[in-house]
Amino acid sequence: MKISSKRFPHAFFRQSSTIVAKDILGAYVHRVLDGKELIGKIVETEAYCVGDEACHAYRGKTPRNAVMFGEGGFSYIYFTYGMHHCFNIAANEEGVAEAVLVRAIEPVKGVETMRSLRPKGILDRELTNGPGKLCQALSLTRNENAIDLIESDMLFLTQAAKPIPANHIGVSTRIGIHVAQEHPWRFFIKENDYVSRGKPSVPSKPVAARRRK
DNA sequence: TGTGCGATCCACT
DNA sequence: GTGGATCGCACAC
């Protein structure tokens, strides 16, 4: 597989998160760990927008989500459920808090290292087919929060060798959220084994803001 | 300072 | 398909 070494221009991340989420499919995430380079192809994303109740920035700026309010192109990594990290990319103009959640990548390089970071005995396609899983496989934690994904040599993105044709991109509602479920802001590469399993493309029925237990 | 919940994962049924 | 694990963060008091 051909891996492009072309980084994104800053202007790319000044676009709306829904555009960035779609256009970043097929791009590569590079993670340098102990001198070894781990590379994964982005195959699934979700957009979190201004005025979106499911977005962490919906309630305003806090120390945790401050990166989302900054210039696009920076990593926003947060810890959730007491045990998982999620890797986001801040998008849009400075002051406009939007982000793209990277939900799944396809391991391209450094697969052995990724295996060593994940539980033993799992299938290769289970290494990175979920937000928490890919953070574990790439050893991404809050230490990697607020990194410039354009300039950094430790964690950065490069463009897809070829753009993904529009008819190869699937769209659905987002996964794992309990509010603003109607927005079709999840994007993925169709028929890619590394896409996380999810719900169908159309919500079965509108669900009122559901509270767990 | 205390309390409740969450953009998940995985073992178990 | 279901439920438990587990802790940082936001928000109420």
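In what follows, chains carry the letters A, B, and so on, assigned in the order in which the sequence lines appear, proteins first and then strands, with residues in each chain numbered from 1.
- In this structure, the side chain of A/Asn129 does not engage the main chain of A/Ala104 through any donor-acceptor pair within 3.5 Å.
- In this structure, A/Ile77 atom CD1 and B/dG6 atom P are separated by 22 Å, rounded to whole Å.
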Between A/Gln136 and A/Ser139, is a side-chain hydrogen bond (donor to acceptor under 3.5 Å, both in side chains) present by the stated rule, with each step listed?
CA-CA 5 Å; A/Gln136 199 176 14; A/Ser139 189; over 6 Å; no
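- Remark: P of B/dT8 and NE2 of A/His85 are 14 Å apart, rounded to the nearest angstrom.
- One atom, CG of A/Leu140, and another, P of B/dA7, lie 19 Å apart when rounded to the nearest Å.
- Checked for salt-bridge contact, A/Glu71 and A/Arg14 meet the test: a charged N lies under 4.0 Å from a carboxylate O.
- Atom NZ in A/Lys6 sits 11.0 Å away from atom OG1 in A/Thr158 (nearest 0.5 Å).
- Under the 4.5 Å side-chain criterion, counting only non-hydrogen atoms from C-beta, A/Pro131 is not in contact with A/His84.
- Residue ring and base: A/Tyr81 does not count as stacked with C/dA5 (centre distance below 5.5 Å and interplanar angle below 30° not both satisfied).
- The distance from atom CD of A/Glu126 to atom P of B/dC9 is 11 Å, rounded to the nearest whole Å.
- Between A/Phe74 and A/Tyr76, the gap from one ring centroid to the other reaches at least 6.0 Å.
- Atom pair A/Ile122:CD1 and B/dA11:P shows a separation of 10 Å (rounding to whole Å applied).
- Whole-Å rounding puts the A/Ile177 CD1 to B/dG6 C1' distance at 12 Å.
- Between A/Lys133 atom NZ and B/dA7 atom P the separation is 18 Å, expressed in whole Å.
- Side-chain atoms of A/Glu37 do not come within 3.5 Å of backbone N or O of A/Val32 as any donor-acceptor pair.
- Closest to the side chain of A/Arg118, from the set C/dA5, B/dC10, B/dA7, is B/dC10.
- Taking only side-chain nitrogens and oxygens, A/His56 comes nearer than 4.0 Å to OP1 or OP2 of B/dA7.
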Intra- and inter-strand pairs of DNA chain B in dot-bracket (Watson-Crick or G-U wobble, both distances under 3.5 Å; | for another strand)
||||||.|||||.
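- The distance between atom CG of A/Leu134 and atom C1' of B/dA7, rounded to the nearest whole Å, is 12 Å.
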One character per nucleotide, please: for nucleotides 8-13 of chain C, 5' to 3', B when the base has a protein heavy atom closer than 4.0 Å, S when only the sugar-phosphate does, - otherwise.
SSSS--
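- For the pair A/Arg64 and A/Tyr78, the distance from NZ or CZ to the six-membered ring centre is under 6.0 Å and the angle to the ring normal is within 45 degrees.
- In terms of modelled atom types and a separation under 3.5 Å, the side chain of A/Arg31 and the main chain of A/Leu138 share a donor-acceptor contact.
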